[in-house]
Amino acid sequence: MRNLYVLVIVVCLTAGCSQAPAPTETVRTGPLLGEEPPGAQPRLFAEGIVSTHLNQRDTAWTPDGDQLFYSLWVRNRGVIVTVRLIDGQWSAPEIAPFSGRHSDLEPFVTAEGDALYFISKRPLEPDDEEKDWDIWLVRRTADGWGEPENLGPPINTEHDEFYPSMTRDGTLYFTGPDREDSIGGEDLYRARPVSDGFAEPENLGPAVNSPGPEYNAMVSPDEDYIIFGSAREGDLGGGDMYISFRCDDGSWTPATHMGAPVNSGALDFSPALSPDGRFLFFTSRRVASDASP
């Protein structure tokens, strides 16, 4: 079986995860697109609907669990796709209303559900050429979603910025390559909220960042842990996921390899949580048949 990018629910993160009835072939209802919750083994998510022969990655749920956003990479361009729970049934995938014209990836929905962050190569002005990857914001309105807004400095620079993730109090985490205080080629940063935007980003330091690349970091809503991708000595494959815990003084514990079966001999990345925080979603290039019992 060929290697694929696949979306996977990997593990129950809390005790008491119950099994749900398997969904029907034609109509999907219930939480998480009616999927059967996983146990300790990775399970391919929504095969044939979300996980397909195309390249999917980067999941983001709304807090009430009635809408899923994810990235689709086609012909060297990204687009953000969504499925919605409408009148108790899940819709077919469709392009998000703010995406589809320019290359977009890596959606993240805030804890309140009032905004969505993502990265895009869209120009700052309609008639300009596309630029490097920046972090953008789109706000939820009474009619759906508004117009995307570029975060600007000090978050966005003349270099690429990737994979926004945000705590409940509005602290932004992201990947920032080629900054002056970089430890490796790509490092993880956080920026605290201030009255007019964000404070100057802080490098997370050597407990998290290494001489190699770190990328695609998901911070927990209460900022007590962070899960991220990295390529470093001891990996099982072309890039694995690591976890670090925040100490009372704001520092981080040394990053710990998450091991198998979360990591595999293939690239594993793009972590995200289910709305209730009980399940971990991630993207993998492992053989699809290895992702389910």
Side-chain angles (χ1 to χ4, degrees), residues 7-18 20 23 28-35 37-38 45-46 49-50 56-71 80-91 93-99 104-119 135-149 151 163-174 190-193 198 216-228 246 270-283:
L7 296 177
V8 179
I9 301 179
V10 62
V11 65
C12 174
L13 297 179
T14 60
C17 295
S18 60
R28 290 202 169 217
T29 63
L32 304 181
L33 274 80
E35 288 284 284
F45 178 68
I49 298 176
V50 175
Q56 296 84 207
R57 45 173 289 182
D58 314 319
T59 51
W61 291 91
T62 55
D64 54 11
D66 66 356
Q67 189 166 10
L68 170 68
F69 295 89
Y70 61 95
S71 301
I80 295 175
V81 178
T82 185
V83 291
R84 297 177 294 158
L85 187 63
I86 303 173
D87 296 329
Q89 296 184 9
W90 287 96
S91 69
E94 59 185 354
I95 296 174
F98 51 84
S99 188
D104 306 318
L105 290 170
E106 302 177 352
F108 175 84
V109 181
T110 60
E112 297 77 18
D114 58 352
L116 182 147
Y117 290 79
F118 65 104
I119 67 167
I135 298 176
W136 291 71
L137 161 69
V138 59
R139 303 180 192 275
R140 187 188 288 275
T141 69
D143 300 320
W145 297 93
E147 290 297 318
E149 309 165 27
L151 292 195
Y163 214 79
S165 181
M166 183 171 282
T167 65
R168 207 181 307 277
D169 72 358
T171 299
L172 177 68
Y173 282 69
F174 66 98
R190 69 179 169 199
R192 301 294 188 189
F198 293 96
N216 294 29
M218 178 215 74
V219 64
S220 66
D222 295 324
E223 204 176 12
D224 47 357
Y225 65 89
I226 185 171
I227 297 175
F228 60 94
R246 190 169 67 92
S270 292
L273 292 178
S274 60
D276 59 8
R278 299 168 69 198
F279 302 107
L280 177 68
F281 286 74
F282 67 97
T283 308

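Along the sequence shown, residues are numbered consecutively beginning with 1.
The backbone N or O of Leu68 lies less than 3.5 Å from a partner atom in the side chain of Thr82, making a donor-acceptor pair. In this structure, Thr59 contributes its side chain and Ala272 its backbone to no donor-acceptor pair below 3.5 Å. Under a 3.5 Å cut-off, the side chain of Arg28 and the backbone N or O of Gly34 do not form any donor-acceptor pair. In this structure a side-chain-to-backbone donor-acceptor pair under 3.5 Å is present from Ser274 to Phe279.
Applying the salt bridge (Lys or Arg N to Asp or Glu O under 4.0 Å) criterion to Asp222, with sequence neighbours excluded, gives Arg168.
Across all non-hydrogen atoms, the minimal contact from Asp58 to Tyr163 is OD1-CE1, 3.6 Å. Contact record, Glu35 with Ala46: OE1-N, 2.9 Å, taken as the closest heavy-atom pair. Annotation for Tyr225 and Met218: closest pair CE1-CE, 3.8 Å, computed over non-hydrogen atoms. Taking every heavy atom of both residues into account, Thr171 and Arg192 meet most closely at OG1-NH1, 3.0 Å. When every heavy atom of Gly170 is checked against every heavy atom of Phe198, the shortest pair comes out as O-CE2, 3.5 Å. The minimum heavy-atom distance linking Asn216 with Pro271 is given by the pair O-CD, 3.2 Å.
Taking 4.5 Å as the limit, some side-chain heavy atom of Leu33 sits within range of a side-chain heavy atom of Phe45. Residues Asp66 and Pro275 form no side-chain contact, since every pair of their non-hydrogen atoms from C-beta on lies 4.5 Å or further apart. Looking at heavy atoms from C-beta onward, Pro93 lies out of side-chain contact with Val50 at the 4.5 angstrom threshold.
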Exercise. Applying side chain to side chain donor-acceptor pair (under 3.5 Å), run through Asp169 and Thr167 and close with a yes or a no.
Key: CA-CA 5 Å; Asp169 72 358; Thr167 65; 2.4 Å; yes
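Between atom CG of residue Leu151 and atom CH2 of residue Trp136 there is a gap of 9.5 Å, rounded to the nearest 0.5 Å. Rounding to the nearest 0.5 Å places CG of Leu273 at 9.5 Å from CZ of Phe281. Interatomic distance, CZ of Arg190 versus OG of Ser165, reported as 13.0 Å (0.5 Å rounding). How far CG of Leu172 is from CZ of Phe108: 9.0 Å, rounded to the nearest 0.5 Å. Here the OH-CZ distance, from Tyr117 to Arg139, works out to 6.5 Å after rounding to the nearest 0.5 Å.
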If you look only at distance, which donor and acceptor atoms sit under 3.5 Å apart when one is on a side chain in residues 109-116 and the other is two or more places apart or in another chain?
from: Thr110; atom 1: OG1; to: Gly113; atom 2: N; distance (Å): 3.3
from: Thr110; atom 1: OG1; to: Asp114; atom 2: N; distance (Å): 3.3
from: Thr110; atom 1: OG1; to: Asp114; atom 2: OD1; distance (Å): 2.8
from: Thr110; atom 1: OG1; to: Ala115; atom 2: N; distance (Å): 3.4
from: Thr110; atom 1: OG1; to: Ala115; atom 2: O; distance (Å): 3.4

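Within the 6.0 Å centre-distance limit, the rings of Phe118 and Phe98 are counted as a close aromatic pair.
Between the side chains of Thr62 and Asp64, at least one donor-acceptor pair of N or O atoms lies under 3.5 Å.
Note on ring orientation: taking the six-membered ring where Trp is involved, the planes of Trp90 and Trp61 are perpendicular (angle over 60°, cut-offs 30° and 60°).
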